[in-house]
Amino acid sequence: MPHAVGAPLPPPRHQAQEQGATMNWTPHPGHSLPPGPPPAPSAPPPVQPAPAPGTANPGWSGPVPQRTQPAADAAGGTGSTGHIQLPPGAPVALPSPQSGAAAPDAAHAAVAVLLIGPAGAGKTSVARHWADSRRVPTAHISLDDVREWVRSGFADPQQGWNDHSEAQYRLARRTCGFAARNFLANGISCILDDAVFPDRPVVGLGGWKRHVGPGLLPIVLLPGLEIVLERNARRSGNRRLSDEEVARIHGRMAGWYGSGLPIIDNSQHDVATTVRVLDDVVARSLASPPNW
């Protein structure tokens, strides 16, 4: 009977019968053992030393198996998951369409889009639906979701914009940019959404351009004030703002008019219609990137 290498072998059958009293079992049913002190336990079997590296194990008659080094270890373990080498993320470059060529198909092109708009503009719903409906792999990265990864100690901007909330915003934006670059480097498009203000450099486009790259396509989603107030009223939790705050943010977002960025007024559009308009705007932006 084969046994595991390095484990003690069981005693022969006749020795096991002779050691019946020591093992505290009755050899013959019906005959009791004579009284007396319990026998001393037998000594444990000696531990066999492990074979030295590169030598055959006892009982192994074939060649010594060689331990193979995984490809990830051989490559230094950088930028790899298991045995799959991942391209490193790099800043997204500006598209360079050929002169006279037709506008790229936004449904198939690998792009990084930044959807800008006030609270209640529908950024998250439109971005998620756009990512779901594309014919190529596309990820949705929401800055608000990434900010809320911080559970204990979350700096809610609604309770006041200070150094703490600004630091968490910058960290979330940098995390989103890192994710976007890596998605694009591995052939996955992405759409990000954030309430970027045109008159505040700290939450402006400069940080997104620095973290994602100049090839990022910013597009503004700006419905009317009545629409954003109505949508904000349906929100709950810390995503719902006061009417005064919504009106103030919406008024500041009007500064995007005249900025040169494409603006979509989705006041009369449902999500599906807005996504189709977004496809057209992305195609035009790919053919003629906005100057920002």
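Worth knowing before you read on, the calculation uses all heavy atoms, side chains too, and leaves out hydrogens, waters and symmetry mates. What you see is a predicted model; the values in this text were computed from it and never measured.
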Testing Val220, Leu115, Ile116 one by one against Val196 for a side chain to side chain contact (heavy atoms under 4.5 Å, CB included), which residue passes? Ile116
Tell me the closest heavy-atom pair linking Phe183 and Ala139, and the distance in Å. CE1-CB, 3.8 Å
Closest heavy-atom contact between Arg147 and Ala155? NH1-O, 4.2 Å
Report the C-alpha distance between Leu261 and Leu205 in whole Å, list the side-chain angles of each, state the deciding distance to 0.1 Å, and finish with yes or no for side chain to side chain contact (heavy atoms under 4.5 Å, CB included). CA-CA 11 Å; Leu261 296 185; Leu205 284 177; 3.7 Å; yes
Is there a side-chain contact between Pro262 and Ser285, using heavy atoms and a 4.5 Å cut-off? yes
Can you tell me how far apart OG1 (Thr124) and CG (Asp194) are? Round to the nearest 0.5 Å. 10.0 Å
Is there a path of hydrophobic side-chain contacts, each under 4.5 Å between heavy atoms, that joins Leu171 and Phe154? no
Identified side chain to side chain contact (heavy atoms under 4.5 Å, CB included) partner of Ser267 from the options Leu225, Leu222, Ile227: Ile227
Nearest 0.5 Å please: distance from the OG1 atom of Thr274 over to the NE2 atom of His129. 10.0 Å
Residue pair Val275 / Ser133: nearest heavy atoms and the distance that separates them: CG1-OG, 3.8 Å
Below 4.0 angstrom, N of the basic side chain to O of the carboxylate: do Glu244 and Arg248 qualify? no
Should Pro118 and Val246 count as side-chain neighbours, where that means a heavy-atom distance under 4.5 Å? no
Does Arg235, at its CZ atom, have more than 12 non-hydrogen atoms belonging to other residues, nucleotides or ligands within less than 6.0 Å? yes
Looking only at side chains, do Ser142 and Asp144 share a donor and an acceptor under 3.5 Å apart? no
Closest heavy-atom contact between Cys190 and Ile141? CB-CD1, 4.2 Å
Minimum heavy-atom distance Gly224-Asp265, with the two atoms named: N-OD1, 4.1 Å
Side chain of Arg231, backbone of Ala121: donor and acceptor closer than 3.5 Å? yes
Atom CG of Asp243 and atom NE2 of His250: how far apart are they, to the nearest 0.5 Å? 13.0 Å
Assess whether side chain to side chain contact (heavy atoms under 4.5 Å, CB included) is satisfied between Leu286 and Val111, documenting all intermediate values. CA-CA 8 Å; Leu286 288 174; Val111 294; 3.4 Å; yes
Under 4.5 Å between side-chain heavy atoms, hopping through other hydrophobics if needed: is there a path connecting Leu221 to Val271? yes
Taken to the nearest 0.5 Å, the spacing of Arg170 CZ from Ser165 OG works out to 11.0 Å
Find out whether Lys209 and Leu216 are in side-chain contact, i.e. whether some heavy atom of one side chain is under 4.5 Å from a heavy atom of the other. no
To check you understand the geometry: which heavy-atom pair defines the closest contact between Trp208 and Tyr169, and what is its length? NE1-OH, 3.9 Å
For a side chain to side chain contact (heavy atoms under 4.5 Å, CB included) check, start with the C-alpha distance between Asp279 and Trp130, then their side-chain angles and the critical distance, and finish with the verdict. CA-CA 8 Å; Asp279 274 334; Trp130 188 77; 2.7 Å; yes
When you look at CG of Asp163, are more than 12 heavy atoms from neighbouring residues, nucleotides or ligands closer to it than 6.0 Å? no
Side-chain donor-acceptor pair present, His140, Asp132, cut-off under 3.5 Å: no
Expected output: side-chain Asn232 to main-chain Gly120 donor-acceptor under 3.5 Å: no
Working for side chain to side chain contact (heavy atoms under 4.5 Å, CB included), residues Val212 and Leu114: CA-CA 10 Å; Val212 180; Leu114 174 62; over 6 Å; no
When rounded to the nearest 0.5 angstrom, what is the spacing between CG in Leu278 and NE2 in His269? 11.5 Å
Roughly how far, to the nearest 0.5 Å, is CD1 of Ile191 from CG of Leu217? 10.0 Å
Counting N and O atoms only, with roles assigned by atom type, does the side chain of Asn182 sit under 3.5 Å from a partner on the main chain of Phe178, one being a donor and the other an acceptor? yes
Side-chain heavy-atom pair Asn266, Val277 within 4.5 angstrom cut-off: no
